[in-house]
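Notes follow the structure.
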Amino acid sequence: MESMGDVLRSINNPTLRQRQRDLEQELFNHPLVKALQSEHPELDDSRLRLHMSRLYQYVEESRHCANCPGLEKCPNDFPGHFSKLTVEKVNGSTDLYERKTACRLKVAQDNQDSIRKRIRSFYVDERVLNGGYDEIDIMGKDPRRVSAVNKIFDYITSVKEEGLTSRGIYLHGTFGTGKTFLMCYLLHELAVAGYTGVIVYMPDFIEDLKSIMMDGQKMKETVDTLKNCDLLIFDDIGAENLNPWARDHVLGAILNYRMNRKPTFYTSNYPLDGLEKHLSFTSKDGEEIYKGQRLMDRIAPFVDVIPLHGENQRGTIR
């Protein structure tokens, strides 16, 4: 380790002093620094010399950004940020200030992260939610889907312009026509607009309730989440094996809370009358028509029914 005397002697070294002057001149001649001085002539050389480290950082990080290697390999001191210099007058004195500013890639990543935080999924493949959406592809995939897709687009536009109502959508059709994908698209677009949402894959959710019911706190948190989110999607309703407790005390309680407050959405292979038959039957008590009707009274009046026609898209490349 160098002694203090060595450090002091190096400062007095003429060669090092000349090198420092050359670097300083090179920095002052840089186009970014020249532009800064041109915009703020009150910044004379003596003032700039007080902020050599800031100027150097400003020039270096601008160079890094001009040759951006991507957010993950960002070489700047604070990844995803660059130095931004401002000239401000404080207490009658003009000076140079540095602020770290998020770049466009960092802003885009933060926006995507905030969108993801607004969406929760229970047992739905995250790739469906995060795969990206192309409206032209959505519309052009199968001409028979056009009517249904237009109604989904109209719903999204309406919510963005006028806000949420208690009215949701019941999207039904045969296997593989893209019901889940369209609902995830709706959820994503409205999450971009600031709404929170949850999508629940019903067969796995109902099955998992058997274990969740043993944990009262987890059960309450799950039900409260489904009650209170802005947008709730029950995906593939009608494919689950219902038991009376899940139907009457969980599903019934959630729908009873939401029906005049917030919209609920459904995808199903059944039309509404077929869903009513399904909800009237449980593995334990058999057919209970009035209980199925009771639940349907919390579904049918609060949805727009949209049939989705088209070919089975499963196994095809989007």
Side-chain angles (χ1 to χ4, degrees), residues 110 112-131 164 166 168-171 179-181 183-270 275-276 278-286 288 291-292 294-299 302-303:
D110 289 346
Q112 286 301 312
D113 288 344
S114 67
I115 290 168
R116 291 189 186 99
K117 287 177 182 177
R118 294 186 195 116
I119 300 173
R120 288 191 61 183
S121 66
F122 288 81
Y123 319 103
V124 174
D125 190 340
E126 293 287 342
R127 290 174 296 181
V128 180
L129 288 167
N130 299 325
L164 283 179
S166 61
I169 290 172
Y170 187 85
L171 186 65
K179 299 183 295 294
T180 301
F181 180 77
M183 283 293 101
C184 286
Y185 170 75
L186 178 144
L187 193 58
H188 178 271
E189 288 300 296
L190 293 181
V192 171
Y195 295 100
T196 61
V198 177
I199 182 167
V200 181
Y201 181 60
M202 285 298 286
D204 286 352
F205 175 64
I206 295 299
E207 185 65 27
D208 207 38
L209 282 177
K210 296 174 184 176
S211 59
I212 295 178
M213 67 181 293
M214 305 304 293
D215 184 339
Q217 183 60 32
K218 185 177 181 181
M219 186 68 200
K220 183 180 184 306
E221 289 174 358
T222 300
V223 171
D224 285 348
T225 296
L226 302 189
K227 281 182 176 180
N228 294 307
C229 60
D230 294 328
L231 311 153
L232 173 62
I233 300 171
F234 285 124
D235 184 41
D236 211 4
I237 190 169
E240 68 283 348
N241 293 315
L242 278 175
N243 60 68
W245 177 78
R247 179 190 63 191
D248 302 333
H249 298 287
V250 179
L251 189 57
I254 294 167
L255 294 180
N256 190 63
Y257 180 85
R258 293 184 65 87
M259 61 181 181
N260 284 308
R261 292 183 175 91
K262 298 180 179 182
T264 306
F265 305 79
Y266 310 83
T267 74
S268 183
N269 295 325
Y270 290 115
L275 180 65
E276 182 173 341
H278 169 77
L279 296 176
S280 298
F281 186 89
T282 63
S283 54
K284 181 179 179 182
D285 295 336
E288 297 177 293
K291 288 191 176 181
R294 185 170 182 269
L295 211 54
M296 288 304 296
D297 286 343
R298 288 153 177 75
I299 297 175
F302 302 98
V303 292

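Counting heavy atoms from C-beta on, the side chains of Asn269 and Lys179 come closer than 4.5 Å. Using a 4.5 Å heavy-atom cutoff, the side chains of Leu275 and Tyr170 are in contact. In this structure, Phe281 and Leu242 have side chains that are not in contact, with every pair of non-hydrogen atoms separated by 4.5 Å or more.
Between Asp235 and Pro203, the shortest heavy-atom distance links the atoms O-CD, 4.1 Å. Nearest heavy atoms, Val303 versus Tyr266: CG1-CE1, 3.6 Å. Here the shortest heavy-atom pairing between Ser280 and Gly292 reads OG-CA, 3.4 Å. Here the shortest heavy-atom pairing between Ile237 and Tyr270 reads O-CD1, 4.5 Å.
Here the CG-CD1 distance, from Asn241 to Ile206, works out to 9.5 Å after rounding to the nearest 0.5 Å. Thr222 contributes atom OG1, which lies 4.5 Å from atom CD1 of Ile212 (distance to the nearest 0.5 angstrom). For the atom pair Arg247 CZ and Glu288 CD, the distance stands at 4.5 Å (nearest 0.5 Å). Atom CE of Met183 sits about 14.0 Å away from atom CZ of Phe234, to the nearest 0.5 Å. We find the CD1-NE2 distance between Ile199 and His188 to be 13.0 Å, quoted to the nearest 0.5 Å. Here the CD-CG distance, from Glu276 to Leu295, works out to 9.5 Å after rounding to the nearest 0.5 Å.
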Go through the steps to decide whether Thr264 and Met259 satisfy the test side chain to side chain contact (heavy atoms under 4.5 Å, CB included), and finish with yes or no.
CA-CA 8 Å; Thr264 306; Met259 61 181 181; over 6 Å; no
Please evaluate residues Leu186 and Ile169 with respect to the criterion side chain to side chain contact (heavy atoms under 4.5 Å, CB included), reporting the C-alpha separation (whole Å), side-chain torsions for both, the decisive distance (0.1 Å), and the verdict.
CA-CA 11 Å; Leu186 178 144; Ile169 290 172; 4.2 Å; yes
Tell me, with the steps shown, if Leu251 and Met202 meet side chain to side chain contact (heavy atoms under 4.5 Å, CB included).
CA-CA 10 Å; Leu251 189 57; Met202 285 298 286; 4.3 Å; yes
Before you tell me yes or no, could you show the steps for Asp230 and Leu190 under side chain to side chain contact (heavy atoms under 4.5 Å, CB included), namely the whole-Å CA-CA distance, both residues' side-chain angles and the distance that decides it to 0.1 Å?
CA-CA 10 Å; Asp230 294 328; Leu190 293 181; over 6 Å; no
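No more than 12 heavy atoms of other residues, nucleotides or ligands sit less than 6.0 Å from atom CZ of Arg294.
The main-chain N or O of Gly252 is never found under 3.5 Å from a side-chain atom of Asn256 such that the two would form a donor-acceptor pair. For the pair Glu240 (side chain) and Gly238 (backbone), a donor-acceptor distance under 3.5 Å is present. Proximity of a side-chain donor or acceptor of Arg258 to a complementary backbone N or O of Leu226 within less than 3.5 Å is detected. Panel note: side chain Thr196, backbone Cys229; no donor-acceptor pair is recorded below 3.5 Å.
A cation-pi contact, defined as under 6.0 Å to the ring centre and within 45° of the axis, is absent between Arg298 and Phe302.
Inspection of the Asn228 and Lys262 side chains reveals no N or O donor paired with an N or O acceptor under 3.5 Å.
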